[in-house]
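What follows is a set of notes on a single structure, which appears directly below.
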Amino acid sequence: MSAFPRSYNPFAVDEEEEAAAMGGGEGGGSERQRYLQQEVLRRSAAAADSTTRSLSLLYESERVGVAASEELVRQGEALKRTEQMVDKMDQDLKTSQRHINSIKSVWGGLVNYFKAKPPESKPEQNGASEYYANSRLKEAMMSSKEQESKYWESHPNLKKLDNSDSDFSKAELVSSVQRDSYPKNQHLRAYHQKIDNNLDEMSSGLSRLKNLALGLQTEIDEQDDMLDRLTKKVETLDINIKSTDKKVRQL
């Protein structure tokens with residue numbers, strides 16, 4: 001029988017510390033597991049929010065592109081009307097020049113009096129009387145306008161994005177094959193599905209933006225040609241006006 005109490009046994013102290021360490025290790029392991037799960041959920045939520053914000057900015061960019069396209073179409077309509085006015089002015093100027101020639105020459109006036117009036121030539125028209133944007137731009141605008149409602153739903157200044165648990169119920173609508181590819185945790189699965197849906201919509205939005213850009217480029221090229229043609233007509237009209245003014249002064 002030992003003369004020392006148990007509390008003085010050095011091996012007993014080691015055994016107590018080891019037991020406490022083992023008990024604490026089990027508790028620490030579960031706590032660390034919970035921490036890792038929360039960290040994964042937090043990062044998944046942050047990624048979902050990031051893709052949602054990016055999608056909102058994409059909708060806003062698309063809306064700006066549609067507004068720019070509409071303004072460009074209005075500019076094309078104004079150019080078309082201007083070209084028609086220049087053509088009409090050129091036709092009127094030709095009629096004035098014919099009358100001036102009749103006034104300058106008595107014989108020419110008599111001939112014009114007895115001679116049948118020549119049919120007036122129609123002003124030169126380039127294309128239809130009304131202006132129409134190129135088909136590529138119109139199709140891109142129509143496709144983007146169909147998505148305009150999503151802009152109003154997702155714009156942060158108009159309506160806050162719904163990142164609540166209601167999204168988790170929507171996540172149950174996916175097929176069993178898709179469900180198997182996601183984590184089993186309900187919240188984590190919902191975040192992953194939200195990220196995938198946002199990325200798919202971003203891909204579609206970028207495709208629409210690309211079509212808008214290509215349509216805008218085509219429209220700008222066509223209006224550049226119209227501006228060049230209009231510039232030449234205005235220069236010719238200016239020369240004819242000066243010539244007509246000179247003839248009038250000589251009467």
Side-chain angles (χ1 to χ4, degrees), residues 1-68 140 143-213:
M1 181 176 180
S2 173
F4 298 100
R6 182 177 181 82
S7 60
Y8 288 95
N9 187 352
F11 297 102
V13 175
D14 295 339
E15 291 175 357
E16 292 175 0
E17 292 178 353
E18 182 177 357
M22 291 180 64
E26 293 177 357
S30 60
E31 183 177 356
R32 178 174 177 81
Q33 185 177 3
R34 285 194 300 272
Y35 169 77
L36 291 176
Q37 290 176 350
Q38 293 175 358
E39 184 67 15
V40 170
L41 286 175
R42 185 186 68 82
R43 291 179 179 271
S44 298
D49 291 341
S50 178
T51 56
T52 302
R53 288 192 298 271
S54 300
L55 188 58
S56 176
L57 292 174
L58 184 62
Y59 287 148
E60 186 173 2
S61 301
E62 191 172 0
R63 181 172 175 269
V64 172
V66 171
S143 177
S144 295
K145 284 183 177 180
E146 293 175 356
Q147 307 295 323
E148 189 173 1
S149 60
K150 294 185 178 181
Y151 165 79
W152 297 107
E153 293 174 359
S154 64
H155 197 280
N157 295 330
L158 301 177
K159 180 178 179 180
K160 292 185 178 180
L161 296 169
D162 186 9
N163 293 325
S164 60
D165 293 341
S166 62
D167 291 335
F168 300 148
S169 60
K170 298 177 183 179
E172 300 298 331
L173 299 177
V174 298
S175 64
S176 59
V177 176
Q178 292 176 328
R179 189 180 297 111
D180 293 340
S181 62
Y182 290 110
K184 294 182 178 181
N185 183 279
Q186 179 183 3
H187 298 285
L188 189 59
R189 182 174 66 246
Y191 285 133
H192 282 210
Q193 290 172 348
K194 187 177 183 64
I195 291 171
D196 287 348
N197 292 337
N198 286 344
L199 291 176
D200 290 340
E201 183 58 31
M202 287 172 65
S203 177
S204 301
L206 289 173
S207 178
R208 292 192 300 270
L209 274 178
K210 177 184 177 181
N211 292 333
L212 269 175

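Any value given below was found using the heavy atoms of this structure, including those in side chains, with hydrogens, waters and symmetry copies removed.
Summarising the geometry, atom CG belonging to Leu36 is positioned 11.0 Å from atom CG belonging to Leu41; distances are rounded to the nearest 0.5 Å. Taken from NZ in Lys194 to CZ in Arg189, the straight-line distance is 15.5 Å, to the nearest 0.5 Å.
A heavy-atom distance below 4.5 Å is found between the side chains of Leu209 and Ser61.
Residues passing the side chain to side chain contact (heavy atoms under 4.5 Å, CB included) test with Leu199 are Thr51, Ile195, Met202, sequence neighbours excluded. By the side chain to side chain contact (heavy atoms under 4.5 Å, CB included) test, Asn211 is found to be paired with Ala140, Ser207, residues two or more places apart in sequence or in another chain being considered. Residues satisfying the side chain to side chain contact (heavy atoms under 4.5 Å, CB included) criterion with Val40, sequence neighbours excluded, are Ser44, Leu188.
Taking all atoms of both residues into account, the shortest heavy-atom contact from Glu62 to Leu212 is O-CD1, 4.0 Å. Residue Leu58 comes nearest to Glu201 through the heavy atom pair CD2-O, 4.4 Å, listed as atom of the first residue, atom of the second, then distance.
Ionic pairing of Arg42 and Glu39 is present here: one or more N-O contacts between side-chain nitrogen and carboxylate oxygen are shorter than 4.0 angstrom.
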Q: Starting from the C-alpha separation in whole Å, work towards a yes-or-no answer on side-chain contact (heavy atoms from CB on, under 4.5 Å) for Ser54 and Asn198.
A: CA-CA 9 Å; Ser54 300; Asn198 286 344; over 6 Å; no
